[in-house]
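Report on the following structure.
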Number of protein chains: 2
Amino acid sequence: MKRQIFCIVALSGVAAAAVSGPVEEQIRIRQSAYAFIGWNTGRIKSQLDHPESYNQQQIVAAANAIAAVANSGLGSLFGPGSDKGTGWRPTKVRPEFFQKPDEAKAAALAFNKEANELARIAATGTPAEIKTQFSTLSETCKSCHSKFRERD
Amino acid sequence: MKRQIFCIVALSGVAAAAVSGPVEEQIRIRQSAYAFIGWNTGRIKSQLDHPESYNQQQIVAAANAIAAVANSGLGSLFGPGSDKGTGWRPTKVRPEFFQKPDEAKAAALAFNKEANELARIAATGTPAEIKTQFSTLSETCKSCHSKFRERD
């Protein structure tokens with residue numbers, strides 16, 4: 001179990017000094033982080049779906065926000081005992097996330113990589129280039145959700 | 001009222017194409033954004049309070065996250081009708097936020113400015129320099145909360 005914890009903590013690529021606070025707080029903050037990411041992915045999708053009102057500044061702001069959250073050290077919010085519990089609502093993380101730390105780590109690193117790549121491309125890319133990278137990022141979200149998150 | 005809405009939407013310094021979704025969704029996302037900011041300010045404070053385990057990489061990640069959230073366009077999450085309502089929980093925004101849009105805008109811009117300055121200083125600054133700027137940023141939080149947020 002101890003080994004699993006350290007793997008999870010290291011997920012984000014930022015060395016976490018310690019797990020972040022009580023279990024309920026960890027769950028509440030990680031739910032907040034992913035809700036905020038979801039808002040930003042929704043805004044990018046909306047921009048890409050409406051070329052008549054395309055605003056690259058909006059996409060840049062949203063992509064930078066996603067990348068900064070991805071790079072912030074979310075791994076420390078998946079500490080021991082946080083496989084169950086209630087933050088804003090009961091956690092939807094599946095036991096497999098904690099049981100398969102190598103897969104969980106790979107999923108997190110893939111998300112981080114593609115989020116940073118989207119932020120890079122958003123700054124100067126064409127709508128087509130941004131759309132391609134946004135699809136790549138979205139695949140990492142979907143893949144992780146299908147493995148490690150309970151369905152709504 | 002219409003003028004107020006446009007002032008609020010412009011708060012973040014990023015021109016918002018439109019208000020973001022239903023009222024409950026706006027409230028839920030802004031609560032998520034500020035909860036996530038709070039986690040990151042807490043992590044910076046913890047680093048500054050514990051020089052024996054000081055980790056500047058953690059501070060950089062947290063400061064970048066705060067700045068990116070500040071720059072993301074939060075103003076679009078304070079649309080008309082969102083002075084009341086429930087996201088994760090009932091909103092704590094006070095009516096004054098919507099009644100005094102110039103003051104609200106000034107508070108938001110002050111937060112954004114100091115958040116960006118903290119991210120800049122975190123990258124290369126000394127702990128003392130970071131501490132000073134973190135205090136300046138914290139004052140903008142406290143000032144806005146005392147004017148525009150119901151107490152816990």
(request) Report whether V60(B) and I37(B) are members of the same hydrophobic cluster (ILVMFWY, side-chain heavy atoms less than 4.5 Å apart, transitive linking). (result) no

(message) Would you compute the distance between atom CG of L77(A) and atom CZ of F36(B) and round it to the nearest 0.5 angstrom?
(response) 8.0 Å

(request) Give a yes or no answer on whether the side chain of R43(A) reaches the backbone of S72(B) with a donor-acceptor pair at less than 3.5 Å. (result) yes

(request) Could you walk me through whether W88(A) and R89(B) pass side chain to side chain contact (heavy atoms under 4.5 Å, CB included), step by step? (result) CA-CA 8 Å; W88(A) 295 117; R89(B) 61 183 175 191; 3.9 Å; yes

(message) Using heavy-atom distances under 4.5 Å, tell me whether R30(B) contacts chain A through its side chain, its backbone, both, or neither.
(response) neither

(message) Taking F134(B) as the starting point, is it possible to reach Y54(B) by hopping between hydrophobic residues whose side chains are less than 4.5 Å apart?
(response) yes

(message) At a 4.5 Å cut-off on heavy atoms, which part of A62(B) comes close to chain A: side chain, backbone, both, or neither?
(response) neither

(request) Please check if I121(A) and I59(A) belong to a single hydrophobic cluster, counting links between Ile, Leu, Val, Met, Phe, Trp and Tyr side chain heavy atoms closer than 4.5 Å. (result) yes

(request) State the CD-CD distance between Q31(A) and Q31(B), to the nearest 0.5 angstrom. (result) 12.5 Å

(request) Sorted by first residue and then second, give each salt bridge (charged side-chain N to carboxylate O under 4.0 Å, His left out) pair with at least one member in residues 125-141 of chain A; sequence neighbours left out. (result) E139(A)-K142(A)

(message) How close do A35(B) and S32(A) get, counting heavy atoms only, and between which atoms?
(response) CB-OG, 3.5 Å

